[in-house]
Amino acid sequence: MLNLGGDKISSEIVEQVVRSFTGVVEVAVCSLPNALGINEIYALLVTEMPIEANAIAAHCTTQLLPHQIPRAFLGTDKLPRNEMGKSDL
């Protein structure tokens with residue numbers, strides 16, 4: 001569960017929508033404060049091919065509310081995981 005200024009957002013729902021985009025293999029979302037101290041959603045992606053951030057953002061706009069759409073989509077080779085195999089963000 002992500003807390004954005006008192007709004008509770010399900011990370012699972014956001015991850016499910018991002019993961020449904022063609023080429024996304026794994027995704028984890030987290031919230032980080034911006035320069036004003038306001039938390040925003042960020043998505044860390046493992047993909048099987050290069051993906052344009054604006055294309056995946058457009059995909060998200062069709063299924064998520066505006067405040068649920070990640071601010072940025074960041075690529076990585078693998079997601080950090082804890083000893084239990086869960087995303088460690």
Side-chain angles (χ1 to χ4, degrees):
M1 189 66 64
L2 303 172
N3 186 352
L4 302 180
D7 289 332
K8 304 290 189 215
I9 296 174
S10 169
S11 57
E12 290 85 11
I13 290 173
V14 177
E15 289 171 354
Q16 182 180 22
V17 170
V18 173
R19 192 178 302 110
S20 71
F21 190 78
T22 302
V24 174
V25 177
E26 290 184 282
V27 61
V29 297
C30 65
S31 63
L32 298 170
N34 63 18
L36 300 174
I38 300 168
N39 281 349
E40 297 178 313
I41 300 173
Y42 290 84
L44 189 59
L45 309 173
V46 176
T47 62
E48 60 187 16
M49 62 186 154
I51 295 177
E52 295 287 330
N54 59 349
I56 197 165
H59 169 76
C60 290
T61 62
T62 67
Q63 300 178 55
L64 297 171
L65 297 172
H67 67 281
Q68 295 174 315
I69 299 170
R71 171 84 167 127
F73 300 89
L74 311 168
T76 185
D77 292 331
K78 72 180 210 177
L79 296 178
R81 302 230 177 246
N82 64 21
E83 294 139 5
M84 300 297 291
K86 294 190 175 202
S87 175
D88 193 22
L89 291 180

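The chain is numbered in sequence order, starting from 1.
Annotation: the span from Met1 atom CE to Ser31 atom OG amounts to 12.0 Å, rounded to 0.5 Å. In this structure, Thr62 OG1 and Ile69 CD1 are separated by 8.5 Å, a value rounded to the nearest 0.5 Å. With values rounded to the nearest 0.5 angstrom, Leu4 atom CG is found 4.0 Å from Ile9 atom CD1. Note: Thr22 OG1 to Glu48 CD = 8.5 Å, rounded to the nearest 0.5 Å. The OG1 atom of Thr47 lies 9.0 Å from the CG atom of Asp77; values are rounded to the nearest 0.5 Å. Taking CG of Asp7 as the start and CG of Leu2 as the end, the distance is 11.0 Å to the nearest 0.5 Å.
Annotation: salt bridge (charged side-chain N to carboxylate O under 4.0 Å, His left out) contacts involving residues 19-41, sequence neighbours excluded, comprise Glu26-Arg81, Glu40-Arg71.
Val17 and Leu65 fall into different hydrophobic clusters, where Ile, Leu, Val, Met, Phe, Trp and Tyr side chains are chained together by heavy-atom contacts under 4.5 Å. Following chains of ILVMFWY side-chain contacts shorter than 4.5 Å, one cannot reach Ile38 starting from Val29, and the two form parts of different hydrophobic clusters.
Looking at heavy atoms from C-beta onward, Val18 lies in side-chain contact with Phe73 at the 4.5 angstrom threshold. Looking at Asn3 and Asn39, their side chains never come closer than 4.5 Å, going by heavy atoms from C-beta outward. Residues Thr76 and Val46 have side chains in contact (heavy-atom distance under 4.5 Å, counting atoms from C-beta outward).
No hydrogens or angles considered: a donor-acceptor pair under 3.5 Å links the side chains of Ser20 and His59.
Closest non-hydrogen pair, Ala55 versus Phe21, comes out as O-CE1, 3.7 Å. Here the closest non-hydrogen pair linking Pro70 and Val14 is CG-CG1, 4.0 Å.
Every residue meeting the side-chain hydrogen bond (donor to acceptor under 3.5 Å, both in side chains) condition with Ser10, not counting sequence neighbours, appears here in chain and number order: Glu12.
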